[in-house]
Amino acid sequence: MARYNFRETEAKWQKIWEERDSFRATEEPGPLNAESRGKAYVLEMFPYPSGRIHMGHVKNYTMGDLIARVRRAQGYNVLHPMGWDAFGLPAENAAFQNKVHPAIWTRQNIDGMRTQLKSIGLTIDWSREIATCEPEYYKHEQAMFLDFLSNGLAYRRESWVNWDPVENTVLANEQVIDGCGWRSGAPVERRKLSQWFLKITEFADELLEALKTLDRWPDKVRTMQANWIGKSSGARLTFPLAGRSQDVEVYTTRPDTLFGASFLAISPDHPLAAELSAGNPALAEFIAECRQTGTSEAVIETAEKRGFDTGLKAIHPFDPNWQLPVYVANFVLMEYGTGAIFGCPAHDQRDLDFARKYGLPVTAVVVPAGTDANSFVVGDEAYTGPGALAHSKFLDGLDVEGGKRRAISELEALGRGYGTTVYRLRDWGVSRQRYWGCPIPIIHCPTCGIVPVPKDQLPVTLPLDVDFDKPGNPLSHHPTWKHVACPICGGKAERETDTFDTFFESSWYFARFCSPHETDRPFTREAVQYWLPVDQYIGGVEHAVLHLLYARFFTRALSKCGYLDLAEPFDGMFTQGMVTHETYRAPDGEWVSPAEIQRTEGGGIIRVADGAVLTAGRIEKMSKSKRNTVDPAAIIDGYGADAVRLFMLSDTPPERDMEWTEAGVEGAWRYVNRLWRLIEDYQTIESRQDGPGADKALELRRVAHRAIDRMSASIDAFALNSAVAEVRILSNAIGDQIAALHVEDGRRPVGPVLAEALTESIDILIRLAGPMMPHLAEELWQVLGHDRLLAQEPWPNADPALLISNTVTIAIQVNGKLKATIDLLRDCDAASAETTALADSRIVAAMAGKPARKVIVVPNRIVNVVV
RNA sequence: GCGGGCGUGGCGGAAUGGUAGACGCGCUGGAUUUAGGUUCCAGUGAUGAAAGUCGUGGGGGUUCAAGUCCCUUCGCCCGCACCA
């Protein structure tokens with residue numbers, strides 16, 4: 001055997017797998033799955049075709065491929081597809097910068113990325129590849145939208161957007177930098193536009209409740225989704241305005257603190273604010289200032305809390321003589337509750353900050369148990385804990401929950417309010433004022449109003465002859481595209497020029513993969529019934545809320561419209577961590593890419609080009625701005641896909657951020673070569689009747705079968721780094737056995753018992769290594785003389801008899817501190833374990849003559865002597 | 001601001017409440033080969049001559065026993081509805 005040539009070998013097996021169509025999925029379990037354990041749909045989040053794959057992709061697809069390969073070997077009928085989330089802003093930015101058409105740019109990127117992905121050696125069924133920018137894909141979602149519309153799941157209303165007043169364009173949140181447009185630099189304004197919404201709120205409670213059933217999802221993702229949905233119970237109540245016929249309706253989760261109210265605050269977008277501003281220029285200016293921020297919640301919430309006293313007085317619902325000032329405040333969101341709140345400074349931090357700023361009274365009405373209500377003072381911190389109500393008339397003495405109930409029943413009796421449930425979740429705005437997205441199939445007719453495009457006229461395709469030089473949406477200034485005849489009256493009408501949010505495409509692509517070539521319908525019932533739900537979905541934690549929630553909603557909406565019969569699309573979910581890298585800076589502050597650096601012998605870092613001494617900075621998420629990305633293609637070229645895959649899996653638990661290092665991938669590369677040499681050495685063994693090693697065989701087999709057992713368990717638990725460790729433990733054990741053999745003329749004589757154990761262990765080792773290092777393992781499998789592909793071989797079974805040994809090592813503690821270990825027969829009785837432990841000289845010494853007060857014996861584990 | 005997460009040797013990390021540091025990187029010493037990314041062997045938490053003592057971000061608690069459970073505190077990271 002020559003040196004391992006990964007370049008040739010990896011290309012060779014990728015070609016063979018492809019020629020033999022090894023990973024094609026059909027609903028009929030094939031001969032490989034004669035003893036099929038059912039189907040396994042393994043899916044990684046499909047990539048945006050940015051042009052080149054990045055390390056995050058490699059991590060994602062390596063993990064998914066490992067699962068897919070293991071499941072295949074375990075006898076499951078596996079579906080493991082790939083496609084392209086091909087609509088989105090970057091294509092338009094590229095069009096603007098480089099004068100390339102988004103369609104051409106996207107298709108070129110897809111071609112390049114497909115080649116790169118294939119170089120990783122993934123078990124993808126490429127016959128099912130889809131791209132969401134193709135009319136064959138998006139025509140189905142246009143039909144879905146029309147069905148949502150007729151089923152009351154889509155509607156139109158006004159909503160805010162970021163508006164760049166210089167470019168006259170709508171900006172995405174990421175295009176707003178410090179409150180200004182990224183290209184124009186002009187302060188961004190909020191504007192109202194008429195937009196389409198999907199009624200995700202109709203499923204709010206269902207989406208929340210069903211989280212409980214998703215027991216193969218990470219708890220943190222379920223928690224984040226539950227918080228996002230944000231179910232809260234509270235009260236709606238009305239405050240009459242003094243001297244006016246109007247009321248202000250308020251939502252609160254703390255009706256128990258009504259007697260601690262000191263002001264009312266309404267949103268700058270509240271209708272009352274608009275009305276008052278008409279006769280109040282100062283207020284109008286305040287509201288205009290509030291609109292000088294973006295629409296992002298993070299910006300609004302972190303902005304300085306400001307208010308404007310309208311001069312109006314609201315009358316307390318429980319006391320007609322009590323009047324509260326009414327403010328317009330920038331932190332009150334029109335989208336949540338009623339767009340108006342009452343402020344109780346003593347028991348809400350935000351209200352307290354506001355009250356201190358504007359000199360409003362602070363009255364504590366909940367005091368901790370055992371505290372005197374008259375001496376309890378709120379300083380800089382609001383009291384939000386439990387306690388007894390005080391200074392609250394009929395609520396006095398009640399606890400918080402009791403107070404809430406009593407306050408609500410009182411409000412209901414007075415006809416001033418009622419108990420209610422509110423969700424933080426808002427309906428999903430799907431309109432985008434952009435070109436590179438799926439056209440919304442709607443026609444606006446001056447006579448007939450909003451008219452859906454008839455289904456038989458779908459798809460509404462994007463025109464290709466568009467101009468990106470003018471700001472704004474190219475669809476709206478296209479000379480002809482939007483001008484159409486109204487489908488109802490035949491008169492002159494205009495197409496909707498907005499396109500869908502790209503989350504639309506990713507909300508159902510997993511179903512499309514089930515029958516990607518259907519033309520008249522998005523998928524067949526048989527195919528989705530067979531494959532869905534996805535058994536294992538894998539992707540970045542950054543999608544933990546939005547994408548996953550939208551897909552869950554979409555699945556329900558499609559079921560309501562008769563497309564599916566399913567509530568939850570993803571049975572198992574795994575969220576991976578990011579890939580990070582150290583950062584480097586030149587003396588002038590410029591960021592330097594890892595590809596341009598070299599480490600000196602003294603441990604310093606220099607830039608190769610000019611020898612400039614660099615400083616190593618923090619380890620951060622790989623990003624273009626910090627220039628700390630590493631190109632997977634270059635690394636695969638240098639070390640091979642197997643080494644890259646192995647390093648991706650080996651060091652860090654997959655849910656955590658991992659640091660990419662050159663040393664790490666080199667270590668993985670060395671291990672690839674070590675396995676190659678191990679098989680080389682193994683081939684020198686020669687079975688002889690008088691050969692040595694019979695006494696070593698059983699222990700080696702134990703290690704091998706333990707490796708099967710522990711690695712399988714690690715994979716099921718997604719502890720992929722531990723799974724790699726198990727393979728290394730096994731190869732180390734085999735290597736130790738071989739190294740211990742005497743070499744004669746290049747041969748290693750060995751007795752038949754150990755020879756057989758070595759052969760069995762090597763067989764197991766290669767099967768276990770296959771999902772991680774598929775090319776090397778496939779090559780070694782062939783070298784060992786097998787005809788069948790390793791990719792079609794079953795997973796090994798652990799022999800239970802080899803998983804347990806006769807003796808166990810037991811720790812003996814004195815007062816909880818380890819003093820000795822002893823070997824005992826497995827499952828020996830507690831009494832003899834105690835006797836043996838107390839007889840041990842080290843224990844006698846540690847007890848220093850004191851009597852044992854208590855002895856705790858945990859069978860097969862520990863004896864703790866308390867003195 | 002709100003929500004979620006993470007913190008263990010020089011480094012990545014392992015550990016059903018039961019022997020802290022598996023596996024690897026790095027480092028130290030040695031051997032082999034002068035190799036055209038070497039390989040192999042031994043050692044490697046701190047401290048101590050040793051016995052031992054200490055040690056899982058900090059502080060407190062529960063327990064025979066805590067990295068693991070509870071309270072509290074500090075630091076870092078991610079998401080926040082038009083990036084995908």
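Just so we're on the same page: letters track the sequence lines, and every chain starts at 1.
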Checklist entry - Given the P atoms of B:G18 and B:G12, what is the spacing between them in whole Å? => result 24 Å
Checklist entry - If pairing requires Watson-Crick or G-U wobble contacts with both distances under 3.5 Å, which nucleotide is the partner of B:G7? => result B:C74
Next on the checklist: How many whole angstroms separate atom CE of A:Met334 from atom C1' of B:A81?
Outcome noted: 18 Å
Checklist entry - Among B:A84, B:G18, B:A20, which nucleotide sits nearest the side chain of A:Asp85? => result B:A84
Checklist entry - Can you check whether A:Ser232 reaches A:Val422 side chain to side chain, under 4.5 Å on heavy atoms? => result yes
Next on the checklist: Need the pair for B:A65. Rule: Watson-Crick or G-U wobble, both distances under 3.5 Å, any strand; none if unpaired.
Outcome noted: none
Next on the checklist: Classify A:Ile810 by what it touches in the nucleic acid, base, sugar-phosphate, or nothing, heavy-atom distance under 4.0 Å.
Outcome noted: nothing
Item to check | Watson-Crick or G-U counterpart of B:A46, or none if no pair lies under 3.5 Å | outcome: B:U53
Checklist entry - From the list B:A84, B:A81, B:C78, which nucleotide is the closest neighbour of the side chain of A:Ser296? => result B:A81
Checklist entry - Taking the six-membered ring for Trp, are A:Phe554 and A:Phe504 ring centroids under 6.0 Å apart? => result yes
Item to check | Distance in angstrom units between A:Lys305 NZ and B:G1 P, rounded | outcome: 8 Å
Next on the checklist: Please report the distance separating the C1' of B:A14 from the corresponding atom of B:G21, rounded so that it comes out in whole Å.
Outcome noted: 7 Å
Checklist outcome for this item: Rounded to whole Å, CZ of A:Arg190 lies from C1' of B:C82 at a distance of 15 Å
Item to check | Pairing partner (Watson-Crick or G-U wobble, both distances under 3.5 angstrom) of B:G29 | outcome: B:C41
Checklist outcome for this item: Note: for A:Ala663 and A:Ala719 on RNA chain B, the residue whose nearest nucleotide lies more 5' is A:Ala719
Next on the checklist: Anti or syn, where syn is a glycosidic angle within 90° of 0; which label fits B:G9?
Outcome noted: syn
Item to check | Check: A:Tyr639 ring centre within less than 6.0 Å of A:Phe6 ring centre | outcome: no
Checklist entry - Does B:A14 have OP1 or OP2 sitting under 4.0 Å from an N or O in the side chain of A:Ser722? => result no
Checklist entry - Under 4.0 angstrom, heavy atoms only, what part of the nucleic acid is A:Val858 near: base, sugar-phosphate, or nothing? => result base
Item to check | Distance, rounded to the nearest Å, where A:Asn227 contributes CG and B:G3 contributes P | outcome: 7 Å
Checklist entry - Of all the choices, B:C77, B:G1, B:U19, which nucleotide is nearest to the side chain of A:Glu297 once you look at every atom? => result B:G1
Checklist entry - B:A46 and B:G9: how far apart are their C1' atoms, nearest whole angstrom? => result 9 Å
Item to check | Nucleotide of B:C64, B:C54, B:C82 approaching A:Ile856 most closely (side-chain heavy atoms) | outcome: B:C64
Item to check | Flag for A:Arg190-A:Thr295: side-chain donor and acceptor within less than 3.5 Å | outcome: no
Checklist entry - Does any nucleotide pair with B:C2 by Watson-Crick or G-U wobble geometry, both distances under 3.5 Å, and what is it? => result B:G79
Checklist entry - Between atom CE in A:Met578 and atom P in B:C76, what is the gap in whole Å? => result 15 Å
Next on the checklist: If you only use heavy atoms from C-beta on, which nucleotide in B:G18, B:C82, B:G5 is closest to the side chain of A:Val170?
Outcome noted: B:C82
Item to check | P-based separation of B:C74 from B:U39 [nearest Å] | outcome: 48 Å
Next on the checklist: Checking A:Gln433 against A:Asp498: is there a side-chain donor and acceptor pair closer than 3.5 Å?
Outcome noted: yes
Checklist entry - Taking CG from A:Leu546 and P from B:C80, how many angstroms apart are they, rounded to a whole number? => result 6 Å
Next on the checklist: Strictly distance-based, threshold 3.5 Å: is any side-chain N or O of A:Arg424 a donor or acceptor partner for the main-chain N or O of A:Trp228?
Outcome noted: yes
Item to check | Distance-only donor-acceptor check, side chains A:Asp642 and A:Trp669, under 3.5 Å | outcome: no
Item to check | Side-chain donor/acceptor of A:Thr502 to backbone N/O of A:Gly88, under 3.5 Å | outcome: no
Item to check | A:Asp657 side-chain proximity, nearest of B:G18, B:A81, B:C77 | outcome: B:C77
Item to check | Separation of the C1' atoms in B:G26 and B:G45, to the nearest angstrom | outcome: 15 Å
Checklist entry - Across the strands shown, which category fits A:Glu659 at heavy-atom distances under 4.0 angstrom: base, sugar-phosphate, nothing? => result nothing
Next on the checklist: Ignoring hydrogens and geometry beyond distance, is a side-chain donor-acceptor pair present between A:Asp427 and A:Thr201 at under 3.5 Å?
Outcome noted: yes
Item to check | Between B:U16 (P) and A:Asn860 (CG): distance, integer Å | outcome: 17 Å
Next on the checklist: Side chain of A:Val541, heavy atoms from C-beta onward: which of B:A81, B:C78, B:C64 has the nearest atom to it?
Outcome noted: B:C78
Next on the checklist: Could you tell me how far apart A:Ile300 (CD1) and B:G1 (P) are, to the nearest whole angstrom?
Outcome noted: 16 Å
Checklist entry - Near RNA chain B, which residues from residues 644-656 of chain A have a heavy atom under 4.0 Å away? => result A:Asp651, A:Thr652, A:Pro653, A:Arg656
Checklist entry - Roughly how far apart, to the nearest Å, are B:U62 and B:C71 at atom C1'? => result 11 Å
Item to check | Closest to side chain of A:Thr223, choosing from B:G4, B:C82, B:C23 | outcome: B:G4
Checklist entry - Is a side-chain N or O of A:Ser623 found less than 3.5 angstrom from the main chain of A:Lys626, in a donor-acceptor match? => result yes
Next on the checklist: Please give the distance between the P atoms of B:C54 and B:A65 as a whole number of Å.
Outcome noted: 15 Å
Checklist outcome for this item: A:Thr302 has its side chain closest, among B:G1, B:U19, B:A22, to B:G1
Might you list the N or O atoms of the protein lying below 3.5 Å from N or O atoms in nucleotides 34-44 of chain B, with each pair's distance?
{"from": "B:G37", "atom 1": "O6", "to": "A:Gly638", "atom 2": "O", "distance (Å)": "3.2"}
{"from": "B:G37", "atom 1": "N1", "to": "A:Gly638", "atom 2": "O", "distance (Å)": "2.9"}
{"from": "B:G37", "atom 1": "N2", "to": "A:Tyr639", "atom 2": "OH", "distance (Å)": "3.0"}

Item to check | Output field: ring centroids A:Phe46/A:Tyr509 closer than 6.0 Å | outcome: yes
Item to check | Ring centre gap for A:Phe500 and A:Trp196 strictly below 6.0 Å | outcome: no
Checklist entry - Using the P atom in both, what is the distance from B:G61 to B:A51, to the nearest Å? => result 32 Å
Checklist entry - Under 4.0 Å between a side-chain N/O of A:Lys819 and OP1 or OP2 of B:U53, yes or no? => result yes
Next on the checklist: On the nucleotide B:A81, are OP1 or OP2 found under 4.0 Å from the side-chain N or O atoms that A:Asn173 carries?
Outcome noted: yes
Item to check | Nucleotide of B:G18, B:C82, B:G24 approaching A:Asn732 most closely (side-chain heavy atoms) | outcome: B:G24
Item to check | Distance below 4.0 Å between A:Asn864 side-chain N/O and B:U19 OP1 or OP2 | outcome: no
Checklist entry - Any luck finding a side-chain donor-acceptor pair between A:Glu92 and A:Tyr435 under 3.5 Å? => result no
Next on the checklist: Quick check on RNA chain B: between A:Val865 and A:Asn721, whose nearest nucleotide comes earlier from the 5' end?
Outcome noted: A:Asn721
